[in-house]
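Notes for the one structure printed next.
So you know, we letter chains A, B, ... as the sequences are listed, proteins then strands, and number each from 1.
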2 protein chains.
Amino acid sequence: MRREQESRGLTTSDAPEADDAGQEAAPARRRAGRKARETRERLIEGTLLALCDEGVTGITTRKIAEKADVHLGTLHYHFESKDALLMAVLDTLGARLAQQLRLGVAGSRDLDECIERVLETDWIIAERNLAIQIVQYELTLYALRTEGAAWMARRQYDDYIKAHDDAFAGHASGAPAEAIRRLSQAVMAGIDGIILQELAAPDLARSRGAVRDLIAAMQALARTLGLHRPR
Amino acid sequence: MRREQESRGLTTSDAPEADDAGQEAAPARRRAGRKARETRERLIEGTLLALCDEGVTGITTRKIAEKADVHLGTLHYHFESKDALLMAVLDTLGARLAQQLRLGVAGSRDLDECIERVLETDWIIAERNLAIQIVQYELTLYALRTEGAAWMARRQYDDYIKAHDDAFAGHASGAPAEAIRRLSQAVMAGIDGIILQELAAPDLARSRGAVRDLIAAMQALARTLGLHRPR
DNA sequence: GTCTATACATGGATAGAC
DNA sequence: GTCTATCCATGTATAGAC
């Protein structure tokens, strides 16, 4: 079930190039046609659906093709391998997540409120579709195992951290970037942990309480880190 | 690759029975012989090794048999299915983890110190072998996908929460159990999140700093929750 | 660029000798 | 209780018609 030795298409771009990430283009074709682009996207979307149903361990190219309403051969025309397709999905997921966060946290008054909104937003996004969260974790772990794709896991992390940094930065302009970064890390760690708990032992009421607790704890941490402006 | 319809051996015991968990015994045999027990354990240990190498997606019964130095037929004599074996590993892992935590947190002076020790211990355990941590997450997620095994993921969570409760309880005897529970949840969530970060974007120095930050935040949370005794 | 058909490998599981 | 040999389903990927 492996063809790792020459998993080209995953190593082609070892560093984040531009921002339309995950473009493991079809062999020797950079400027893909209008329709091809649509099919690519249908494939990615179909893979996501199939992953929600089956998980990374259960996924097969046939199921993907079926969900995407595309034939098996077509899949392999657009993606060098199943792995390449899976990684493209991970990339899409990460971008989508960071985007959602940015949209959700506009206009806070002060840092405390900002922390609160960020965490509430993080949680809402996760709660809205826990199935996708599972997929995200599965794919991230899978990337760690896949030759030449570990950097994708790191980028997932970097991007999401950055989205948090940006949210906080506006309300702690005097503070050193490093302190902000530490807050972002703690916030993200906390939310990830709560999501994991919700997945393993579902109990929405408990998790929402945990988010409240986390908010309080992070506000306290921000103080410890000296992020609050004097009033 | 699936035979879910009748994954007996996983549904036999839907509730935690006794404490020698994960005993999906060989068909119609409760009192297994001395040697059989050894082989079972070799198989579990071998599976763990194989999982560290390959991950859940890459694992095969053949690789397991090889690592355990056992023949393929023997594997299926002891375990009804690959899934049953995998779940037995998850159980072992969980028990081992809780055990390690208990050993590591003896004799703190007060709650603040206890929180510190618990988190330091949690982290040391994880840092000592990150490879196993990955496996633990993979297996927990896998359990969620496996028909009739989702309860195993929940038990993982319950057991580890309980280990934390026990550690804290001694230093907050007056406090309501619910407040202690909330602290445990927050602590675990935070650590899990940090481990996840370390896996996705390895940087031990950063993670150790994150643990320090988490300690401070959790001590603050304990205060918010009214867990500290008046001095 | 998309489809059909198929090659080829690999996996889980079992039968039956020992 | 362990081993060998094998069945048979399923998977990824490709070849080549359209």
Side-chain angles (χ1 to χ4, degrees), chain A residues 1-10 24-43 46-47 50-51 54-87 142 146, chain B residues 1-10 24-43 46-47 50 54-87 142 146-147:
Chain A
M1 190 217 271
R2 203 92 318 159
R3 177 98 309 141
E4 233 63 295
Q5 325 122 329
E6 46 155 289
S7 63
R8 317 148 293 165
L10 286 177
E24 340 292 346
R29 180 169 298 97
R30 280 278 155 187
R31 208 73 212 84
R34 327 98 192 102
K35 181 147 50 159
R37 183 154 204 95
E38 280 178 29
T39 308
R40 261 188 76 92
E41 265 152 34
R42 266 227 314 293
L43 272 166
T47 307
L51 281 171
E54 311 281 345
V56 238
T57 51
I59 203 72
T60 70
T61 49
R62 285 187 218 275
K63 283 172 190 160
I64 293 173
E66 190 185 358
K67 283 278 182 190
D69 199 26
V70 154
H71 288 256
L72 197 49
T74 309
L75 185 156
H76 280 97
Y77 173 80
H78 289 279
F79 293 90
E80 300 248 325
S81 67
K82 188 180 110 174
D83 280 358
L85 176 49
L86 252 28
M87 290 304 102
Y142 184 65
T146 307
Chain B
M1 190 218 271
R2 203 90 316 158
R3 177 98 306 143
E4 233 61 296
Q5 324 123 328
E6 47 155 289
S7 62
R8 316 147 296 164
L10 286 177
E24 340 291 347
R29 181 169 299 95
R30 278 278 156 187
R31 208 71 213 83
R34 326 95 191 100
K35 181 149 45 161
R37 181 153 206 95
E38 279 179 30
T39 308
R40 261 189 76 92
E41 265 152 34
R42 265 228 313 294
L43 272 166
T47 307
E54 312 280 344
V56 238
T57 52
I59 205 71
T60 69
T61 49
R62 289 182 163 83
K63 282 171 191 159
I64 292 172
E66 190 185 356
K67 283 277 181 190
D69 199 27
V70 155
H71 288 255
L72 196 50
T74 309
L75 185 155
H76 280 97
Y77 173 80
H78 289 278
F79 293 89
E80 299 249 326
S81 67
K82 190 180 108 173
D83 280 358
L85 176 48
L86 252 29
M87 289 304 102
Y142 184 66
T146 306
E147 197 74 22

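- In this structure, B/Lys82 and B/Ile59 have side chains that are in contact, with non-hydrogen atoms separated by less than 4.5 Å.
- In this structure, B/Glu66 atom CD and C/dG11 atom P are separated by 11 Å, rounded to whole Å.
- Between the P atom of D/dC3 and the CG atom of B/Leu72 lies a distance of 11 Å, rounded to the nearest Å.
- Between A/Asp83 and A/Tyr142, the closest side-chain pair of non-hydrogen atoms falls below 4.5 Å.
- Here the C1' atom of nucleotide C/dC3 and the NE2 atom of A/His78 are 12 Å apart, to the nearest Å.
- Note that CG of A/Leu72 and CZ of A/Arg62 are 6.0 Å apart. Values are rounded to the nearest 0.5 Å.
- Between the C1' atom of C/dG1 and the CD atom of A/Glu38 lies a distance of 13 Å, rounded to the nearest Å.
- The phosphate of C/dG12 (OP1 or OP2) has no side-chain N or O of B/His76 nearer than 4.0 angstrom.
- For D/dT4, the OP1/OP2 oxygens have a side-chain nitrogen or oxygen of B/His71 closer than 4.0 Å.
- Residue A/Thr39 has no polar side-chain atom (N or O) positioned under 4.0 Å from OP1 or OP2 of C/dG1.
- Between A/Gly73 and B/Val70, the residue anchored closer to the 5' end of DNA chain D is B/Val70, taking for each the nucleotide with the nearest heavy atom.
- Put simply, the side chain of B/Arg62 and the base of C/dT10 share no donor and acceptor less than 3.5 Å apart.
- The distance from atom CZ of A/Phe79 to atom P of C/dG1 is 13 Å, rounded to the nearest whole Å.
- The distance from atom NZ of B/Lys82 to atom C1' of D/dT10 is 13 Å, rounded to the nearest whole Å.
- In this structure, the side chains of A/Lys67 and A/Thr47 stay at 4.5 Å or more apart for every pair of heavy atoms.
- The CD-C1' distance, from A/Glu54 to D/dG11, rounds to 14 Å in whole Å.
- Residue A/Thr61 places no side-chain N or O under 4.0 Å from the OP1 or OP2 atom of D/dG11.
- Regarding contacts with the backbone of C/dG1, every side-chain N or O of A/Lys35 stays at 4.0 angstrom or more from both OP1 and OP2.
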